[in-house]
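Quantities reported herein were computed from a predicted structural model and do not represent experimental measurements. We count residues from 1, following the sequence as given.
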Amino acid sequence: MPQYNPPVRDMHFLLHEVLDAVNELKQLPKHAEIDADTMNAVIEEAGKFASQVTAPINLSGDAEGCTLDKATHEVKPPKGFKEAYAQYVEGGWPALSCDPEFGGQGLPVLLNQCVYEMLNSANQSWTMYPGLSHGAYEALHAHGTPEQKALYLPKLTSGEWTGTMCLTEPHCGTDLGLLRTKAEPRGDGSYKLTGQKIFISAGEHDLTPNIIHLVLARLPDAPQGSKGISLFVVPKVLVNADGSLGARNGIFCSGLEHKMGIHGNATCQMVLEDAVGTLVGEPNKGLAAMFVMMNAARLGVGNQSLGLMEVAYQNAVAYAKDRIQMRALSGPKAPDKPADPIIVHPDVRKMLLTARAYTEGARALAMFTSLQLDKLLATDDEDERKQADDIVALLTPIIKAFTTDNGWIATSACMQVFGGHGYIHEWGMEQFVRDARINMIYEGTNTVQSLDLLGRKVLGDNGAKLKKFGKLVAEFVEEEGVNEAMQEFINPLADLGDKVTKLTGELGMKAFGNADEVGAAAVDYLRVVGHLCYAYFFARMAKVALAKQGSGDPFYTAKLATARFYFAKLLPETATLIRTARAGLAPLMAMDEALF
């Protein structure tokens, strides 16, 4: 069975030595009282919960899966999930970063990010139950009526109830403008909804007595397409005015998806038959309201792959140090044994360092973005809010797509380290690979994220958001450009920054001639910009490590070695990506459809 040790030291390093998070947060009135001891204590306790409570039921949960009683439409998650959730609620974890007005603790989003990374490492399937609830909380907090907030937010904050988002349907996938679920006014301010939803994570379970579904549907007079979508809150069990539970509502699970991974999470086909709901936000503006939850989910999915990379790496390293196979090409490294530990072999090290570098780069990017979210949500300075909003908007598709693509690469590499044992369920590695694969698909495929980045976030505002991030890179390059010890990091970072600027301009000109050029280049482009982000943060981490390597702490030695590996072995991928992005549309469209 795989083991998990929370990466507390690396989180502390980023929080306190790279991001200076406490001082940054203290500038925000909402977090003026935050201190390092509080943040450290929360992370350490969350790590204990993840490693001791949810990690032990990950492998068994994957083997058992969820079960549906077709007669009652009730779903039971795997053994131990309900008890772990009760312990989670008892510990107050759902309320961590929620609004104190509704019973929350009001702690930073950054802290919540660290907690959820560890939960995802321990058990991604289980973590999806409270994770989706937090997204539902955020959507209602941003767009709910005062009555909806009073009715639902305290229960979502405490974890007494969970939440979902019901978006897609069998015929529409990501293209939500095609959805058909109908919402008919009942004459009393509520609506009755009829339709079918699929792929609804945590759609039905017995962890809580009620599930609050956020459902996209069409009003009778709605225009076609995405401009005719409204958002409704539809509880599994109707809620009385005093907050007590009433009758069962007309929304139920008709089937469970039989999936490649995340077996412990109930991915449901949901049927609505005159289900009673209330409108969230304005009529026909539901997609904009739901984007609060969707963007939170996209950051969350990136965090899922970050968690999987960390735990896969830890177990692969342990195996590589213990497993003996063959001798090193340069001669025996363990002459007292019949063979050398496989960690002596260069390609095994390449696989391990790839996983480690992609993990540490992703963690730095995710924590930086979470800090920007805290500024966005809590600052009184409008300029600071706009700056943070633009940075978060730019980085969200990168976190979702680049991190999950790398999660697939990293977990696959870690499974490869195990050789034939990597295929065996008991080792846990093949589960990490299967679980990681869905992260590239759901919450908007990575191609959709790439189109969002290049088409909307970059070309859509003539590069304004990209320039704001580019300014951070340029300022760091200028600051460290005279530091001889930093040249091995600064020079390639500056070079890539210049190339991204040039590539962006070229693609923008092509798009003026034919918008399909965006689709031809977007995936490669996102990966290039993703590497720019990682290179920036690895350079910042290297700066701190260089300053402290004389301390004798091996942590800094390892950080520098990882950064050097990243710049030498992973960043050069951008040369190929830039070339393929420039190759454009023609090679993709030259073949007649009949020849495929």
Do the side-chain N and O atoms of D381 and T379 include a donor-acceptor pair separated by under 3.5 angstrom?
-> no

For the side chain of N303 and the backbone of L299, is there at least one donor-acceptor N/O pair under 3.5 Å apart?
-> no

With H143 via ring-ring contact (aromatic ring centres under 6.0 Å, His included) - residues at least two apart = none

Establish, from distance only, whether the side-chain atoms of N295 and T396 form a donor-acceptor pair under 3.5 Å.
-> no

What's the shortest heavy-atom distance between P77 and D206, and which atoms?
-> CD-OD1, 3.2 Å

Going through the distances and angles, do Q196 and E169 end up as a side chain to side chain contact (heavy atoms under 4.5 Å, CB included)?
-> CA-CA 6 Å; Q196 183 181 2; E169 300 176 4; 5.9 Å; no

Using a 4.5 Å cut-off on heavy atoms from C-beta on, say whether the side chain of N120 contacts that of L308.
-> no

Does the side chain of P78 reach to within under 4.5 Å of the side chain of I57, using non-hydrogen atoms?
-> no

Distance, nearest 0.5 Å, that separates NE2 of H12 from CG of N40 = 3.5 Å

Does the side chain of Q27 come within less than 4.5 Å of K375's, by heavy atoms?
-> no

Output the distance between atom OH (Y129) and atom CG (L119), rounded to the nearest 0.5 Å.
-> 14.5 Å

K192, NZ: over 12 other non-hydrogen atoms inside 6.0 angstrom | no

Distance from L207 atom CG to S133 atom OG, nearest 0.5 Å?
-> 9.0 Å

Residues passing the side-chain hydrogen bond (donor to acceptor under 3.5 Å, both in side chains) test with D10, sequence neighbours excluded, are R363, K559

Answer yes or no: are there more than 12 heavy-atom neighbours, outside K26 itself, under 6.0 Å from its atom NZ?
-> yes

Would you please indicate if the ring centroids of Y137 and F102 are separated by under 6.0 Å?
-> no

Pairwise distance SG(C166) to CD1(I251) - rounded to 0.5 angstrom = 4.5 Å

Look at the aromatic rings of Y85 and W126 and report parallel, tilted or perpendicular, splitting at 30° and 60°.
-> tilted

Give the C-alpha distance, both sets of side-chain angles, the deciding distance and a yes or no for side chain to side chain contact (heavy atoms under 4.5 Å, CB included) between T359 and L306.
-> CA-CA 6 Å; T359 302; L306 166 55; 3.9 Å; yes

Derivation of the side chain to side chain contact (heavy atoms under 4.5 Å, CB included) call for H205 and T162 = CA-CA 10 Å; H205 55 78; T162 58; 2.9 Å; yes

If the plane angle is over 60° it's perpendicular, under 30° parallel, otherwise tilted; pick one for F49 and W93.
-> tilted

Counting only heavy atoms not in K468, do more than 12 sit closer than 6.0 Å to its NZ atom?
-> yes

Where is the tightest heavy-atom contact between L96 and V115, given as atom of each residue plus distance?
-> CD2-CG2, 3.7 Å

Distance-minimising heavy-atom pair for C98 and T157 | CB-CG2, 3.7 Å

Give a yes or no answer on whether the side chain of D99 reaches the backbone of G104 with a donor-acceptor pair at less than 3.5 Å.
-> no

Do the non-hydrogen side-chain atoms of H134 and N112 ever get within less than 4.5 Å of each other?
-> yes

Kindly say whether M270 contributes a backbone atom to a donor-acceptor pair with the side chain of S254 at under 3.5 angstrom?
-> no

Hey, does P94 have a side-chain heavy atom less than 4.5 Å from the side chain of Y88?
-> yes

For atom NZ of K259, decide whether the heavy atoms of other residues, nucleotides or ligands shown that lie under 6.0 angstrom number more than 12.
-> yes

Identify each donor-acceptor pair in which a side-chain atom of residues 149-156 lies under 3.5 Å from a protein atom, sequence neighbours left out, and give them as a table.
{"residue": "K149", "atom": "NZ", "partner": "H141", "partner atom": "O", "Å": "3.1"}
{"residue": "K155", "atom": "NZ", "partner": "E160", "partner atom": "OE1", "Å": "3.2"}
{"residue": "K155", "atom": "NZ", "partner": "E160", "partner atom": "OE2", "Å": "3.1"}

Pairs where residues 431-445 contributes a residue and the test salt bridge (Lys or Arg N to Asp or Glu O under 4.0 Å) is met, not counting sequence neighbours = D62-R434, E430-R434

When you measure from the side chain of T445 to the backbone N and O of V448, does any donor-acceptor pair fall under 3.5 Å?
-> yes

Which heavy-atom pair separates G159 from T208 by the least distance, and what is that distance?
-> O-CG2, 3.7 Å

Is there a donor-acceptor contact under 3.5 Å from the side chain of D374 to the main chain of V109?
-> yes

Using ring-ring contact (aromatic ring centres under 6.0 Å, His included) as the criterion, list what pairs up with F537, not counting sequence neighbours.
-> F368

Any donor-acceptor pair under 3.5 Å linking the side chain of K197 with the backbone of L167?
-> yes

Heavy atoms, side chains only, cut-off 4.5 Å: are L68 and C66 in contact?
-> no

Does N240 offer a backbone N or O that forms a donor-acceptor pair with the side chain of S244 under 3.5 Å?
-> no

With sequence neighbours excluded, residues passing ring-ring contact (aromatic ring centres under 6.0 Å, His included) with H213 | none

How about R248: does its CZ atom have over 12 heavy atoms from other parts shown lying under 6.0 Å from it?
-> yes

Any idea how H73 and F252 line up, ring-wise: parallel (<30°), tilted (30 to 60°), or perpendicular (>60°)?
-> tilted

CE-SG distance between M367 and C114, expressed to the nearest 0.5 angstrom = 4.0 Å

Taking the side chain from R298 and the backbone from P397, do they hold a donor-acceptor pair closer than 3.5 Å?
-> no

Nearest heavy-atom pair of A289 and L231: which atoms, and what distance?
-> CB-CD2, 3.8 Å

D461 and K457 ion-paired at < 4.0 Å = no

Which heavy atom in T403 sits nearest to a heavy atom in G302, and how many Å separate them?
-> CG2-O, 3.2 Å

Any T168 side-chain heavy atom under 4.5 Å of L216 side chain | no

Would T194 and L272 count as a side chain to side chain contact (heavy atoms under 4.5 Å, CB included) if you check the C-alpha gap in whole Å, the side-chain angles of each, and the deciding distance to 0.1 Å?
-> CA-CA 5 Å; T194 302; L272 297 97; 5.6 Å; no

Do the non-hydrogen side-chain atoms of I34 and L107 ever get within less than 4.5 Å of each other?
-> yes

With distance as the sole criterion, is a donor-acceptor pair present between the side chains of Q314 and E310 under 3.5 Å?
-> yes

Taking S121 for the side chain and G307 for the main chain, is one N or O donor matched with an acceptor at less than 3.5 Å?
-> yes

Under 3.5 Å: donor-acceptor pair, side chain of Q148, backbone of L279 = yes

With a 3.5 Å cut-off and no angle check, do the side chains of K400 and N446 form a donor-acceptor pair?
-> yes

Compute the ring centroids of Y191 and F232, then answer whether they are less than 6.0 Å apart.
-> yes

What distance separates C253 SG from E74 CD, expressed to the nearest 0.5 Å?
-> 11.0 Å

